[in-house]
Amino acid sequence: MASFSSNEWKAVCAKFTNAQQLSDVESRTDPENDPFRSKYKARELLTEIYCSLKNFEAGDGEEHDDGETSEPEPTEEPLDGEKPVDLDAFSRGWSSDSRAGLRAARLAAVEYYLGVNHVDTEELSAGQEHLMNCMKHLGKCRVSSENVSLFIHVRNQLGILWAGRDETEKSQGFLETAESIYQRYMKENGSPPTDMTEYFCSEENQLTHQERTKKFELAYTHTLYYLAQVYQYFGENERAANYCYSTLQRQLQLNQFNPMEWALNAATLSQYYITKGQYMEGRHCLAAATVISGLAGEVPSEAAAQESEAERDRREQLKQKRSEIARCWIKYCLNLLRDAKKLLEDNIGELDTDRQDELRRARRREEEEEGRKQALLFGSEDTFDSIASVEEKVSYLFPLDFTEARAIFLVGQNYVNQAKEHFQMDGFVTDHIEILQDHSALFRALAFFEEDVERRCKMHKRRVDMLEPICNDLNSQYYLLIRRQLMFELAETYNEMMDLKLTLANRQEDSQSLDNHTIKKFNHLCSASAKYFQMFLDSLCSPEGKIPEHLEEDVLRPALVARFRVARLHSKLISSSPPVQLDNLNKALENYKYVVQYCEAHPEAAAAAETELELSKEMVGLLPLKINRLKARMATNN
Amino acid sequence: MPGHKHEKQEVSDNVKVVVRCRPLNQREKMTGFKQAVTVDEIRGTITVNKFETAQEPPKTFTFDTVFGPESKQLDVYNLTARPIVDSVLEGYNGTIFAYGQTGTGKTFTMEGVRAVPELRGIIPNSFAHIFGHIAKAEGDTRFLVRVSYLEIYNEEVRDLLGKDQMQRLEVKERPDIGVYIKDLTSYAANNADDMDRIMTVGHKNRSVGATNMNEHSSRSHAIFTVTIEYSEKGLDGNQHVRMGKLHLVDLAGSERQGKTGATGQRLKEATKINLSLSTLGNVISALVDGKSTHVPYRNSKLTRLLQDSLGGNSKTMMCANIGPADYNYDETISTLRYANRAKNIKNKARINEDPKDALLRQFQKEIEDLRKKLEEGEEISGSEGSGSEEMDEGDDEAGEPGEGRRRRKGLRFVTKMAIRFDSQIKKKVSPDKMVEMQAKIEEERKALEAKLDMEEEERNKARAELEKREKDLIKAQQEHQLLLEKLSTLEKKVIVGGVDLLAKAEEQEKLLEESNNELEERRRRAEQLRKELEEKEQERLDIEEKYTSLQEEAQGKTKKLKKVWTMLMAAKSEVSKIILETAGIIAVIKTGLETFKATIGKWSLKCLEAELSRIYSINNHEEKKGACLC
């Protein structure tokens, strides 16, 4: 190939290097009002390269073409899309060391870069055309270490292009082929393949084996990552999660990651495993996240942040992201406690000791069988031990008694405090409140395991103390939805406390009577609960204070339940004065009636609160009787 | 409210989606691109054809409202933005988005050509609308209208109205005012012209880049926010203040945001967003069920700023813009699909209610008890269930003698007072009331100190409480002062309803009104047309159905007929063949007969002759014989 050493070829190589430089480096500093200046310049150069390649290689290629033409041109690929698995490319086509093969690969590479360039400059259709041309050129070649990288790169690009257009099936075709090409190549050959950039550089500038491997493996990591997207789109969540895991693990292994970003991703992945009840995997992801986020270095001091903007940014970023990971940990503890509670509670929500014994036995059996095997394993040699030591700090097993539950609660609470440090009320209202809600939920779950009623009551009091002031401080226009959540939770918590107080009083005193103090306390809790339910109901009204005729689907059940509970709380209030009693009963009746009437007017609502409706109907029948009796008594007393 | 065909069902729609298709532009016409998009405004459908592969059937999408290439700016405003602005004027929050690929007319829809009244976009029209509303309001309604204008470029917030364009602003949140941007400039506007000027200033500062696809491609998200506060006398005689916020959002080209919503430099830094693994997090979070988990904040500044746009008291309208040319086929489809999905966007904040089966079960039992008691006619006290017996105890309390009782009463009084103060302070009482209250607190304190029989501890507690109240009161007073000062500065900016503000904006408002009326008329007509169309369609269908059944029958009959016909023909030809054959046979028989006859004739003659001759001869013989004998 005489022309390779010629000046012409040297010029082509220089142009290519220039185009790469423009596209990857200079484009970053293009002015805002001409954002693609360098990309357009790079495109021109690439087009010129393409023309010269066509011209001078076509000429000398055909002249002394003997061996190549004997091999028939492989059939063309379909226009867009790809057959699911097309591995003929390993056995058919020009071999890459043939002149025609090399020429085709070079043309394909230029088409590839042109395609990427067009996609980058928002000309997707044109980009697609170039990428398909690249595919066409490659279609004539046999897969080898000289071109396999391009085979995968172009499919990655086409895969993501179609995924961006939501044509996921097309995307899947390209990506799965890329995956199989990689796997087959690694099985059959496995030597570090040539990178496409090497087509256009002199011998001395060739990449080392290490560099080649790095680039090639990174391309495959992307294939896996895009496939994760594809499977997620198809709703194959488990498969998608596996691909996400592989992507993360490969990043770690190949040392191609940004620590904070990686850690955040691993922490997010933990949330997937948590919802699947796979706490061992969830914990592993979180431990890895904690360890890897440590690699990002120390948080700059406040003093340093004062001095430079860059340090200030870094401080904010690190603090925020570590707090995010802490929040994922909180959810881990919370879900573990909650799931354990679900397993252990009987049909009235109390601890079922039979279930407890049964689960203890099951755990012992499992321990004897040496437990479950971990499905995931993150880490490189130097991080493995530290990940394991973070894992040891909290169990992945369901807590079965108060001591175990408390251990998990404390870990969670510790992360709550950590997260609150960054997500302060002033500046991060929504986040701060979400953390408080979690804290409250942690107390709630722990209270289930607590046997002492008084202490249990105190835990609920803690919940009220942390939520009540906030609920009242928030602007109701901007935090409508959060306030609704808080009101509902406060109402339920007061209700819970009221029930506990009653249990306690009944337990303490053998006599059936309650003392004054208890009654006062009881009434206070009862009205507080009713007050918050009512506040919730008021928040549904229009700005003019009108009760909505139609309740939206997301508040339908809460609204009906709140009405029902308000009714019930009113009939529970203790009073010695008959007029007050009457008033309370009337309010109760009014609210029961609302539930019944609303469901009559909106038959579709009945399904949302079936039991409540049924009970309300009964009460609507019974309460008037009771009210009449009371009235009669009042009349005779007067 | 216009545009609501099924009021009942659409009430719950917080997100309304409309689609607008722009006409082919000069460049596209010159290049010879074909129109791939057909818009049927009456049916609300958009059909996209793919020309290169003819076998692919055209795709059709249906939306609340669609606008074709000939649609007018004023119509777009009246049909889409007007209801949103109306609800902002009622005190809701409203958001209007323009979404779509670059160069599909988002900025034209939002801003339009401001020099030409007919070509003005949603933003200037909303100004006219707002001030038109103020001008028509009752005399004792007061308004304060403020505007701010910002852009998000490269995940950095810039104040388009600020003095220093390079300054980056922080997005923050405060319990009392929600999400806000620290140090963002906001101007009070007194009329539509004010607003227009402010917008022009900001508009100049926007990041616009020239690309091959679009000479004026908006590179950033821009949010123009109008805050309208107004106070009016309610039925109770008090002033009621309400506030509504209108966000007008011009998004950067959709292709540029990918799945991250990133814009500008940040996108470029990832060189190729496609190849950047930094979006892995988005994929993972999509796998996570958000109910009881935490997904680390990946939301862009944009989502954070607009976080209350999808909530309960917010109305959102999204205008998806598309281009008509065939070369954008895939992008157009993608935008339409997104718009389709956007209809179902909801805010994730839901009420997580505790499932309380135990409670219900308990209640069921209580009802049972109650029923029994009622049936038995037993005395029932005011509270049912667990509370019923304790009531008597409560009665006793009233008669409880001695110190304990007094102590309790005294305390209760203090607490009651405290509560009253509390609520009064919260209500921001008037200064003289405050003085009065202070006196009361003082009095209360003295009374407390005088009560020597009170336990030390409780007294201290009560005193502390009082002191706290006092402090609060002082704070409230200070706040009050501050508010007064603020008020006086604000008062200058407040506009009183009914004042003639229209001036130059009058024309625009008139134009809007007119076009709205015209629109109403047109809509009625369109509705009628649509109905007629539907009827005709139905009729056509009916006829077609009948027709097809008739046609089928006819076909069947024709077939049968044909068959019978061929059978007939075959039979006929057979008959004629048989006729011919028989004729031959008859002829042969005839001739045979003839000859036979002839032969018979001959023979009979001969026989006759022979007989005759025989008879003759016999006779002769007999005669001869007789003669002989005789």
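Each chain gets a letter, A, B and so on, in the order its sequence line appears, and its residues count up from 1.
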Open item on the list: Using heavy-atom distances under 4.5 Å, tell me whether A:Asp426 contacts chain B through its side chain, its backbone, both, or neither.
Closed with: both
TODO: Could you tell me the separation between the CE atom of A:Met619 and the CZ atom of B:Arg371, rounded to the nearest 0.5 Å?
DONE: 9.5 Å
Open item on the list: Using the rule given for side-chain hydrogen bond (donor to acceptor under 3.5 Å, both in side chains), can you reason through A:Glu434 versus B:His294, listing the C-alpha separation, both sets of side-chain angles and the distance that settles it, and then say yes or no?
Closed with: CA-CA 9 Å; A:Glu434 274 168 14; B:His294 176 65; 4.9 Å; no
Open item on the list: If you apply the rule side-chain hydrogen bond (donor to acceptor under 3.5 Å, both in side chains), what do you find for B:Glu173 with A:Tyr479, and how did you get there?
Closed with: CA-CA 11 Å; B:Glu173 234 185 312; A:Tyr479 294 102; 2.9 Å; yes
Open item on the list: Working to the nearest 0.5 angstrom, can you tell me the gap between A:Ile330 CD1 and B:Thr293 OG1?
Closed with: 13.0 Å
TODO: Examine whether an atom of A:Thr430 lies under 4.5 Å from a heavy atom of chain B, and if so say whether it belongs to the side chain, the backbone or both; otherwise answer neither.
DONE: both
Task: Heavy-atom proximity to chain A below 4.5 Å, by part of B:Arg337 - done: side chain
- [ ] Could you grab the distance from atom CG of B:Asp176 to atom OH of A:Tyr478, nearest 0.5 Å is fine?
- [x] 10.5 Å
Task: chain B contact via A:Gln271 - side chain, backbone, both or neither, heavy atoms under 4.5 Å - done: both
- [ ] With a 4.5 angstrom heavy-atom cut-off, could you sort out which part of B:Lys182 is near chain A: side chain, backbone, both or neither?
- [x] neither
